[in-house]
Amino acid sequence: VNSKVPSATPINLGEDFFWTIQVENQTGGPNDYFGEAVGVEVSDNLPAGMILTGPVVAAPGETSYVDCPGSVAGGTSFSCVVGDLSGELGVMASGEVVDIRVPVRFVEISTDGESFTNTATIDATGSFEPDETNNSSAGDIVVNAGSISGEIFRDFNDDGLQAATDTIAAGGAIVVTLSGTDLNGNTINRTITTTDGTYNFDLLPEGDYVVTRGTVSETYQEDGQHIPGPGATPLDSPTGVTESPNIELAGNEDAPEYDFAIVPIARIGLSKEALPLVLNADGSFTQQFQFIIENFSLEELNSVSLDDQLEGVADLFGTHTTAVDVAGGMARGEYTISTSPTSSCGGALATFTGHNTTTEMVSGGTIAAGATCIVNVTIRVFPTDPLPTGNPKYLNSATVNGVGTLSGQSSDPASPNFNPLLSDVSDNGSNPDRNNDGAGNGANEDDPTPVDPNLTTTVLLTKSVDTSGI
């Protein structure tokens, strides 16, 4: 076998090409003893992943006899009878050269740019073979393939662009499916389950493909847009958000950044707890409230505000006064702020009174993603006489609001990014999310906070006897 040469290298997965095998019955040798070759047969076992695309035949322009029975499309090996000297099959004349064409393609490779070596062998079973060292020849070829890849990312501001502050949707299983047809009309279907938010369909032949993103297990998110390749205009049609447009993939093309976006929904929660109260000797009581604001979001919240109305009748604490205690002028039915608000997330307002016009105790607070903010305030109350008749005697709630730093989501109904989950009415106790559902607005998560001091009326009777007249 003189040579085995591919029609091109490198070639692409699924692309048709052919080998040309040249065989020769050499002349010469000592005493010129090379003569006709009898029983000439050429055989070849194709490498794994390579198949015939049709019958093996004599190369174009070749006049010598070549017969390769059973060499059909889909086959992986063949044997050919070569030569028909004087009408006798398998006999080559001395010095005869024959070119054989082997039509093939690769249907499978294990790595992109994989190298293969394919060897053809000749045998002349009816002749003396003085030199067996040249009875085979190998040909080398490199096979390339294409790929389609992308990410599922959290697009906080829903603009279809992956900013540095956007994050990959890792942690949950997401099924990504590729379907299409390759250049030979074969149906291609593949599935990847990604837990790191990235996918890569590699080793693809040329073809037309569609990528579909499955359900995202992450809670509190909605479908964003699909980005069909680098620099492409994001798609936000009903199917575009979870399915790519048709991707015309070339044979050795890498098609990255077919990304899918999800939009996280920001959330905030609030609890309000009445810590143990103190009864004062002057008939008043001191009550400390502790608020826990929890940011359930995957982004920072800013412009956090906390409002609590204390002034009013019927379950509220009466009328605000600046007097610090009864001796200082506090009248029955009044309350005062004993300790101004403190806040671990900033924005505490010393101007807070709980009066109708100054109910805001925190303004402009900032809470990191997944973090909490602790707010404390203490009031002093001089109850009415008679005492309040409610059970409990006092009852009220606070309200919190916030804005997503990355998303711009807001609890303001007039905002184009309105998100009602960024406003919450306090729940009694120290857990803003009693239901453990990742938000503060669940059923029974807005119970008012009771204050029920154990107040009793004390009458001091002093009896004295005047004995001066006895």
Side-chain angles (χ1 to χ4, degrees), residues 8-17 49-51 53 105-114 142-155 158-164 166-170 172-218 221-263:
T9 187
I11 53 94
N12 297 322
L13 181 65
E15 186 176 273
D16 290 347
F17 71 103
M50 183 192 292
I51 63 169
T53 59
R105 76 168 67 110
F106 277 92
V107 295
E108 183 180 351
I109 58 177
S110 57
T111 59
D112 188 20
E114 188 171 2
V142 175
V143 187
N144 295 323
S147 68
I148 299 173
S149 60
E151 298 176 337
I152 299 96
F153 72 97
R154 303 182 185 97
D155 186 10
D158 194 20
D159 65 352
L161 302 175
Q162 190 171 0
D166 292 329
T167 55
I168 304 300
I174 305 172
V175 176
V176 184
T177 302
L178 176 136
S179 58
T181 304
D182 71 10
L183 74 166
N184 297 305
N186 299 309
T187 299
I188 306 293
N189 290 301
R190 296 187 190 175
T191 298
I192 291 174
T193 298
T194 174
T195 57
D196 65 2
T198 67
Y199 72 90
N200 180 27
F201 293 102
D202 60 357
L203 305 182
L204 292 174
E206 175 184 339
D208 293 334
Y209 301 100
V210 171
V211 177
T212 303
R213 190 215 80 200
T215 301
V216 177
S217 59
E218 189 171 288
Q221 53 80 25
E222 57 189 17
D223 291 335
Q225 303 176 73
H226 169 59
I227 299 82
T233 301
L235 302 176
D236 57 4
S237 63
T239 57
V241 296
T242 58
E243 183 178 287
S244 76
N246 183 64
I247 303 170
E248 296 181 2
L249 188 71
N252 185 26
E253 178 185 5
D254 291 322
E257 298 182 32
Y258 278 81
D259 298 336
F260 296 93
I262 59 174
V263 181

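Bear in mind that the values here come from a model prediction, so they are computed numbers and not experimental data.
Here the shortest heavy-atom pairing between Leu13 and Phe106 reads CD1-O, 3.4 Å. The two residues Thr193 and Ala173 make their nearest non-hydrogen contact at CG2-CB, 3.9 Å. Counting all heavy atoms, side chain and backbone alike, Ile11 lies closest to Phe17 at CD1-CE2, 3.9 Å. The heavy-atom pair separating Pro228 from Pro234 by the smallest distance is CD-CA, 4.5 Å. Residues Ile262 and Ala169 share a closest heavy-atom pair of CD1-CB, 3.9 Å. Of all non-hydrogen atoms in Ser147 and Asp254, the two that sit nearest each other are OG-OD1, 2.7 Å.
Between Glu206 and Asn12 there is no side-chain heavy-atom pair separated by less than 4.5 Å.
Here Glu15 pairs with nothing under the salt bridge (Lys or Arg N to Asp or Glu O under 4.0 Å) rule; sequence neighbours left out. The side-chain contact (heavy atoms from CB on, under 4.5 Å) test applied to Val142 returns Thr9, Pro10, Ser115, Asn144, not counting sequence neighbours. For Asp112, the side-chain hydrogen bond (donor to acceptor under 3.5 Å, both in side chains) test picks out no residue, with sequence neighbours left out. Partners of Asp208 by side-chain hydrogen bond (donor to acceptor under 3.5 Å, both in side chains), not counting sequence neighbours: none found. Judged as a side-chain hydrogen bond (donor to acceptor under 3.5 Å, both in side chains), and not counting sequence neighbours, Thr111 has no contacts.
At distances below 3.5 Å, not a single donor-acceptor pair connects side-chain atoms of Asp259 with backbone N or O atoms of Gly150. Judged by distance alone, the side chain of Asn184 and the main-chain N or O of Gly14 form a donor-acceptor pair under 3.5 Å. A donor-acceptor distance shorter than 3.5 angstrom exists from the side chain of Asp155 to the backbone of Gly160, with no hydrogens or angles considered. Of the possible polar contacts, none joining the His226 side chain to the Ala261 backbone as a donor-acceptor pair under 3.5 Å is found.
Distance check: Ile168 CD1 to Ile152 CD1 gives 8.5 Å after rounding to the nearest 0.5 Å. The structure places CE of Met50 at 13.0 Å from CD of Glu108, a figure rounded to the nearest 0.5 Å. Rounded to the nearest 0.5 angstrom, Leu203 CG and Arg190 CZ are separated by 6.5 Å. Rounding to the nearest 0.5 Å gives a distance of 7.5 Å between CG of Asp159 and CD of Gln225. Rounded to the nearest 0.5 angstrom, Tyr209 OH and Leu204 CG are separated by 5.0 Å. With rounding to the nearest 0.5 Å, the separation of CG in Leu161 from CD1 in Ile227 is 7.5 Å.
Every pair passing side-chain hydrogen bond (donor to acceptor under 3.5 Å, both in side chains) that includes a residue from residues 195-205 is listed here, sequence neighbours excluded: Thr194-Asp196, Asp196-Thr198.
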Worked check of side chain to side chain contact (heavy atoms under 4.5 Å, CB included) between Val211 and Tyr258: CA-CA 8 Å; Val211 177; Tyr258 278 81; 5.5 Å; no
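The one candidate from Glu218, Gln162, Gln221 that meets the side chain to side chain donor-acceptor pair (under 3.5 Å) condition with Arg154 is Glu218. Of the residues listed (Asp182, Asn252, Asn186), the one engaging Pro205 in a side chain to side chain contact (heavy atoms under 4.5 Å, CB included) is Asp182, and it is the only one.
Using modelled atom types and a 3.5 Å distance limit, the side chains of Ser179 and Asn189 yield no donor-acceptor pair.
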